[in-house]
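Structure first, then comments.
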Amino acid sequence: MLGWVLLVVPLAVALGGPLFAGETGSVAAPLLPPGPEHPLGTDVLGRDGLAVVLSGGAGLLGLTVAALVLAYLAGVPLGLFAAARRGLADEAVMRTLDVVLAFPSLLVLMVLAATGHRGPLVLVLAVAVVQLPAVTRLVRAAALAPGCRVAVETLHLQGQSWWRVQLGYVARHVAGPVVTDAGTRLGLVLALLASANFLGLGLPPDSPDWAVVIERNTEALYSQPSIVLVPAGLLMALCAGTNLVADQMLARQRVAS
């Protein structure tokens, strides 16, 4: 239950918060302490802390889901192709992705930012690309599992077409590992996007995004801690809850198998 609580609470705040956030512009003096008018005080821009927290999670979740979807849309077909063709095609795909895998994810984002490539779209594309090697390797390994290969060879001997075998059987066989991996990878992508926004590599500095708010108000941690600790706690809960729930699902899958 702990994992589900840690996951549901920040999700509820992120998805339902914008409906109740109200005005997210400057409404008072900067860094006011919590009070009746502003339960979480105000941030360095004079925005209501509660309104910023309620409206700052949806964008981060949207970027995370977009990066994950792009990574799997590209990685699943590449993994199936590499496993099916083998030989030179397999080597070309995997060795190319090994080059991407050799670079640390955050370093790639920092290089893009240093060269002037910033913004949500660039950030999503870059995060999807750095996740692509791991996704492709997972799909390829699942498609090359002994049980799967025996069934594929049998279907080929029965005269089934290549496309029907790959899309009708192999794709369904790798669906379980992909879903399990997505639960764990969600936490990884979320942490990477939050780190990038925290370093100012993604969203603009006046964005209500939780990571951006933490970065902009770090110097006020001791004078106005609520504006830093509340979004930081929500981010930590979301990452921890995602990983705990994914581990639980993986454990159940192992017991069932």
Side-chain angles (χ1 to χ4, degrees), residues 2-68 105-106 109-110 113 118-120 123-124 127 185-246:
L2 175 61
W4 284 106
V5 170
L6 291 174
L7 177 62
V8 169
V9 170
L11 277 180
V13 174
L15 298 178
L19 300 176
F20 308 97
E23 176 61 40
T24 56
S26 179
V27 295
L31 299 178
L32 291 178
E37 294 185 4
H38 308 291
L40 295 182
T42 60
D43 67 355
V44 292
L45 299 179
R47 300 177 296 183
D48 179 68
L50 181 59
V52 169
V53 169
L54 290 176
S55 61
L60 182 60
L61 280 181
L63 294 178
T64 302
V65 172
L68 270 179
S105 301
L106 197 56
L109 299 180
M110 294 178 68
R118 295 172 178 262
L123 185 59
V124 166
V127 171
R185 196 163 302 281
L186 175 66
L188 298 176
V189 172
L190 179 65
L192 182 59
L193 286 170
S195 300
N197 289 333
F198 179 81
L199 294 173
L201 307 180
L203 299 175
D206 60 346
S207 169
D209 178 89
W210 290 341
V212 177
V213 171
I214 296 170
E215 189 273 333
R216 290 299 306 273
N217 294 272
T218 301
E219 295 182 358
L221 177 60
Y222 296 103
S223 60
Q224 221 293 63
S226 58
I227 195 61
V228 177
L229 297 181
V230 172
L234 289 170
L235 274 176
M236 291 175 61
L238 187 56
C239 291
T242 301
N243 284 306
L244 287 174
V245 171

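Please read these numbers as outputs of a predicted model, since none were measured by experiment.
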**Study point:** Audit row: Arg47, Val213, side chain to side chain contact (heavy atoms under 4.5 Å, CB included) steps and yes/no
**Key:** CA-CA 11 Å; Arg47 300 177 296 183; Val213 171; 4.3 Å; yes

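- No donor-acceptor pair closer than 3.5 Å links the side chain of Gln224 to the backbone N or O of Pro34.
- Looking at Thr42 and Ile227, their side chains never come closer than 4.5 Å, going by heavy atoms from C-beta outward.
- Under the 4.5 Å side-chain criterion, counting only non-hydrogen atoms from C-beta, Val127 is in contact with Leu109.
- The heavy-atom pair separating Trp210 from Ala14 by the smallest distance is CH2-CB, 4.0 Å.
- Taking 4.5 Å as the limit, some side-chain heavy atom of Leu54 sits within range of a side-chain heavy atom of Val13.
- Pairs of residues two or more places apart, or lying in two chains, that qualify as side chain to side chain donor-acceptor pair (under 3.5 Å) and include a residue from residues 4-13 are Trp4-Gln248.
- A distance-only check finds a donor-acceptor pair linking the side chain of Thr218 to the backbone of Glu215 [under 3.5 Å].
- Between Asp48 and Thr24, the closest side-chain pair of non-hydrogen atoms is not below 4.5 Å.
- Residues Leu31 and Asn217 form a side-chain contact, since some pair of their non-hydrogen atoms from C-beta on lies under 4.5 Å apart.
- A search for salt bridge (Lys or Arg N to Asp or Glu O under 4.0 Å) contacts involving Arg185 returns Asp181, not counting sequence neighbours.
- Considering CG of Asp209 and CG of Leu60, their distance stands at 5.0 Å, rounded to 0.5 Å.
- Of all heavy-atom pairs between Pro18 and Ala58, the closest is CG-CB, 4.1 Å.
- The two residues Pro204 and Val212 have their closest heavy-atom pair at O-CG1, 3.7 Å.
- A pairwise comparison of heavy atoms in Ala240 and Leu6 identifies CB-CD1, 4.2 Å as the closest pair.
- A 4.5 Å side-chain heavy-atom check between Leu192 and Thr64 finds every atom pair outside the cut-off.
- Atom CG of residue Leu193 and atom CG of residue Leu63 lie 6.0 Å apart, to the nearest 0.5 angstrom.
- Looking only at side-chain heavy atoms (C-beta outward), Leu235 and Ile214 come within less than 4.5 Å of each other.
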Review point. Side chain to side chain contact (heavy atoms under 4.5 Å, CB included) between Val27 and Glu37: does it pass, once the steps are laid out?
Key: CA-CA 10 Å; Val27 295; Glu37 294 185 4; over 6 Å; no

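- Between Cys239 and Leu190 the shortest heavy-atom distance is SG-CD2, 3.7 Å.
- No donor-acceptor pair closer than 3.5 Å links the side chain of Arg216 to the backbone N or O of Val44.
- Annotation: the span from Leu50 atom CG to Ser55 atom OG amounts to 9.5 Å, rounded to 0.5 Å.
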Point to revise | Leu11 and Leu61: CA distance, side-chain angles, deciding distance, side chain to side chain contact (heavy atoms under 4.5 Å, CB included) verdict | key: CA-CA 9 Å; Leu11 277 180; Leu61 280 181; 3.6 Å; yes

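- Side-chain contact check for Leu45 versus Ser26: every heavy-atom pair is 4.5 Å or farther apart.
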Point to revise | side chain to side chain contact (heavy atoms under 4.5 Å, CB included) assessment of Leu229 paired with Leu221 | key: CA-CA 8 Å; Leu229 297 181; Leu221 177 60; 4.0 Å; yes

